[in-house]
Amino acid sequence: MRKVTVGWFEIPVSDLDRAISFYQKVFDCTLHKIDMGDFQMAMFPGEGGGKGAEGSLVYNKEFYKTSNLAGTLIYFSSEDVSIELAKVEEAGGTVQIPKKIISPEYGYMGVFLDSEGNRIALHSLA
């Protein structure tokens, strides 16, 4: 059976600079900001070439809206979801589901609201 992988994702934001600050604090990374006029983006670091999903924060008043209970749920991979969840509130977000076991073979998950009100998930094997 063919595997389906995520090739790109976009997380809508209402304040791009605040969202950049939030994600940089939670994931200890640097996002690259791109201004395309009406559209503004901040790119997550990635490897390219199909190794892991790449994506961005995106801002546009007409085409993107945040959602705290509905819509797409993105799972970021983690070594241990408790590491990032511990940084969420200090960075301006809210933990919705603390680290929880899915099963021994599938590992753990957790869910938080980011600084913009989006529901985002984490997954780890430990």
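Residue pairs meeting the ring-ring contact (aromatic ring centres under 6.0 Å, His included) criterion with at least one partner in residues 77-102, sequence neighbours excluded, do not occur; the list is empty. Residues in residues 10-20 take part in these salt bridge (charged side-chain N to carboxylate O under 4.0 Å, His left out) pairs, two or more places apart or across chains: D17-K33, R18-E116.
With sequence neighbours excluded, no residue forms a ring pair (Phe, Tyr, Trp, His ring centres under 6.0 Å) with Y75. L125 is linked by a side chain to side chain contact (heavy atoms under 4.5 Å, CB included) to H123, counting only residues two or more places apart in sequence or in another chain.
Closest heavy-atom contact between R119 and V111: CG-CG1, 3.5 Å. When all heavy atoms of S14 and Y59 are compared, the closest pair comes out as O-CE1, 3.6 Å. Across S115 and A19, no two heavy atoms sit closer than the pair OG-CA, 3.5 Å. Residues Y23 and I11 approach most closely at OH-CD1, 3.9 Å, considering heavy atoms.
Residues Y106 and Y108 fall into different hydrophobic clusters, defined by Ile, Leu, Val, Met, Phe, Trp and Tyr side chains chained together at heavy-atom separations under 4.5 Å. A continuous path of ILVMFWY side-chain contacts below 4.5 Å connects V26 to L16, so both sit in one hydrophobic cluster. Hydrophobic clustering (ILVMFWY, side-chain heavy atoms < 4.5 Å, transitive): L73 and I97 are in one cluster.
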Give the table of side-chain donor-acceptor pairs shorter than 3.5 Å for residues 78-91, with sequence neighbours excluded, one pair per line with atom names and distance.
residue: S78; atom: OG; partner: D80; partner atom: N; Å: 3.1
residue: S78; atom: OG; partner: D80; partner atom: O; Å: 3.1
residue: S78; atom: OG; partner: V81; partner atom: N; Å: 3.4
residue: S78; atom: OG; partner: E84; partner atom: OE1; Å: 2.7
residue: D80; atom: OD1; partner: S82; partner atom: N; Å: 2.9
residue: D80; atom: OD1; partner: S82; partner atom: OG; Å: 2.7
residue: D80; atom: OD1; partner: K99; partner atom: NZ; Å: 2.9
residue: D80; atom: OD2; partner: S82; partner atom: OG; Å: 3.3
residue: K87; atom: NZ; partner: D28; partner atom: OD2; Å: 2.6

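Checking side-chain atoms of N60 against main-chain N and O of D38 turns up a donor-acceptor pair under 3.5 Å. N118 places a side-chain N or O within 3.5 Å of a backbone atom of P12 that can act as its donor or acceptor partner.
Ring-centre distance between F76 and F112: not below the 6.0 Å cut-off.
The other members of the hydrophobic cluster of M43, by chain and number, are W8, I34, M36, F39, M41, V58, F63, Y64 (side-chain heavy atoms under 4.5 Å, ILVMFWY only).
Using bins of under 30°, 30° to 60° and over 60° for the plane-to-plane angle, the ring pair F27/F44 lands in the perpendicular bin.
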Inset, instruction - Evaluate the criterion side-chain contact (heavy atoms from CB on, under 4.5 Å) for residue pair L31 and L57; output intermediate values, then yes/no. - result: CA-CA 9 Å; L31 279 70; L57 304 175; 3.6 Å; yes

Inset, instruction - Show your reasoning for whether side-chain contact (heavy atoms from CB on, under 4.5 Å) applies to Q24 and T30. - result: CA-CA 6 Å; Q24 288 182 156; T30 301; 3.8 Å; yes

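Looking at Q96 and L113, their side chains come closer than 4.5 Å, going by heavy atoms from C-beta outward.
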